[in-house]
Amino acid sequence: MKHSIGGICVSIVQKEQHKPREGFATSLGVITATLGSAVGLGNIWKFPYMTGENGGAAFILVYLLCVILVGLPVMISELIIGRTTQANAITAFKRLAPNRPWYLVGVSGTAASFLIMAFYTTVAGWVFSYIFKAASGVISTTDPEVTTQVFKTSMSAVWSPLLWQWFVLLFTGSIIMLGVTKGIERITKTLMPILFLLLLICVIRALTLPGASEGLKFLFRPDFSKITGATILTAMGLSFFKLSVGMGTMITYGSYFGFRENIPYTAVKVMLSDTLVSILAGMAIFPAVFAFGFKPDAGPSLLFITIPTVFASMPLGNIFMVLFFLLVSIAATGAMISLLEVPVAYFTEELKWSRLKATLVTIISIALVGTTATLSFSTLGDTKFFDKTFFDLYDFLTSNILLPVGGLLITYFIAWKWGLKNIAREASNNGSLSNQPVINIYFFIVRYLAPIAITLILLNGLGFIKI
Ligand code: TRP
């Protein structure tokens, strides 16, 4: 019944605006936009450095379990909520549970998108600036000391990282201003194929380095002694971050899906392709780490100090290096537009702002918060909360707390409040798909397995209980 209430609301809203709601026009666009959101700095920056810090293959296995048992079910749940309600993350809950506090899940998710963007744009700024560093030749060296020094100097400056961060915001903001079909869909359709091609080129180059096999061993041979409660929480946090779930990005994108799209199938495709990109990124980075004698646990700087050395030793290395950082910039762009779209969709739909105003207000607010993240590597380096700089705090708070809690509430809501009948109708496109077995497995996971697993991993990782 609640669903039909949602349906009525949609038609009223559409009449008021005298135009149909924008969405992704093609199935290909649905895939490229959703995958474009999932693939990002998470694959090429976070995944490799976290794998490096947490001991390699064993961490990857825990991560994969989290992706399949928790991340994917949350993703399907969000897409279902979005498409059913045809609304942004906050309004979606208002439609499904009118006069109940569930919309606060959307509010907290929208707030999380600002916090994620605050540190994400810092790193994206470094990446964009590295395109030019690579082109100019300053990092064309196989000497780790030099690449380390260049990285330290450039991120501890005050103005240049800030200007890059603001540039990144303006750049992604201008794509968002173009709208859902002409902005998000069109841009990701063009960029995603380029991204895959560039990634393959980089992997082939890295695998043909002498000593590449050490890196592959690290990536594929598990050592379970490295796994602790905190590691498992990190892996789960990464799985949420990777699949862009737990805060409403997928609710927002799901609301742009056509009614013919097969939601569970699309989510599985996106999850598999995203995981493939992470593994390929690992295969581009770890051979170089071992070939040139770097430590795999260098942390967030890993990408910036190792990758230049992969290319520096080869003919036309500079060109490949430029291509690599271009690839990372492309990946980051697809992810950032999906993060921006969450507040922008709310502002335009609920507050009736123009897309221009909504985008400007969003990027200016992010620039303000984001400045504290960027300056964490220079003037604000000593300002710490719980022993974390602003940058680390935003990262930890979102990945390890806000996203898992959001995911927990979303699975609880869909499985216990909304229920199997509604889920089955939406996930089967009103019965036109015969995917009942898939829906049953999904329902079991979101009703029992995912909420219990998220709760235990959270409490254990934060030290409240010991398993
Ligand atoms: N998934 C993206 C990445 O891996 C980041 C991202 C985009 C994200 N949208 C999100 C993370 C929403 C959490 C929530 O880089």
Side-chain angles (χ1 to χ4, degrees), residues 32-51 63 66-67 70-72 74-75 77-79 82 88-89 105-106 108-124 126-127 168 172 175-176 184 188 191-192 195 199 234-254 256 267 270-271 273-282 300 303 327-346 362 366 394-407 409-410:
T32 57
T34 314
L35 187 59
S37 165
V39 170
L41 295 174
N43 309 64
I44 311 174
W45 169 67
K46 250 183 186 235
F47 174 83
Y49 95 70
M50 289 187 158
T51 302
Y63 165 75
C66 292
V67 164
V70 183
L72 177 66
V74 177
M75 184 172 186
S77 309
E78 286 195 30
L79 292 174
N88 62 79
V105 177
S108 128
T110 309
S113 77
F114 284 89
L115 283 187
I116 295 176
M117 277 299 273
F119 74 90
Y120 207 94
T121 48
T122 303
V123 183
W126 298 342
V127 171
V168 163
T172 42
I175 298 175
I176 282 294
I184 303 174
T188 56
L191 294 185
M192 291 314 282
L195 186 143
L199 186 57
T234 306
M236 183 173 74
L238 180 63
S239 75
F240 277 97
F241 188 88
K242 270 302 331 104
L243 295 182
S244 310
V245 296
M247 53 147 280
T249 290
M250 289 299 164
I251 296 182
T252 311
Y253 271 27
Y256 302 141
V270 168
M271 181 274 282
S273 320
D274 177 70
T275 307
L276 180 68
V277 173
S278 298
I279 304 280
L280 287 176
L303 176 73
L327 145 88
V328 191
S329 308
I330 291 174
T333 302
M336 287 187 290
I337 53 185
S338 75
L339 282 157
L340 282 184
E341 183 62 17
V342 174
V344 169
Y346 172 74
T362 306
I366 293 171
Y394 299 153
D395 187 0
F396 180 84
L397 208 66
T398 49
S399 289
N400 288 9
I401 297 177
L402 289 178
L403 299 181
V405 171
L409 292 171
I410 288 166

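For the numbers below, each heavy atom of this structure counts, side chains included, while hydrogens, waters and symmetry mates do not. Whatever order the structure lists ligands and atoms in, that order sets their numbers, starting from 1.
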Test side-chain hydrogen bond (donor to acceptor under 3.5 Å, both in side chains) applied to T32 - qualifying residues, sequence neighbours left out: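 Expected list: T188.
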With T121, which residues qualify under side-chain hydrogen bond (donor to acceptor under 3.5 Å, both in side chains), at least two apart?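 Partners of T121 under the side-chain hydrogen bond (donor to acceptor under 3.5 Å, both in side chains) test: Q165.
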Could you tell me the separation between the OG1 atom of T110 and the CG atom of L115, rounded to the nearest 0.5 Å?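 The CG atom of L115 is 11.5 Å from OG1 of T110, to the nearest 0.5 Å.
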M247 and T398: CA distance, side-chain angles, deciding distance, side chain to side chain contact (heavy atoms under 4.5 Å, CB included) verdict: CA-CA 9 Å; M247 53 147 280; T398 49; over 6 Å; no
Any side-chain heavy-atom pair of V328 and L41 under 4.5 Å: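 A side-chain contact under 4.5 Å exists here.
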Under 4.0 Å from ligand 1, counting heavy atoms only: the protein residues, by chain and number: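 Residues within 4.0 Å of ligand 1: S37, A38, G40, L41, G42, N43, I116, Y120, F241, K242, S244, M247, T249, A335, S338, L339, L403.
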Donor-acceptor pairs are to be reported for all side-chain atoms of residues 237-246 against protein atoms at under 3.5 Å, with residues two or more places apart or in another chain.
from, atom 1, to, atom 2, distance (Å)
S239, OG, M236, O, 2.7
K242, NZ, A38, O, 2.6
K242, NZ, N43, OD1, 2.7
K242, NZ, D274, OD1, 3.3
S244, OG, S37, O, 3.1
S244, OG, S37, OG, 2.9

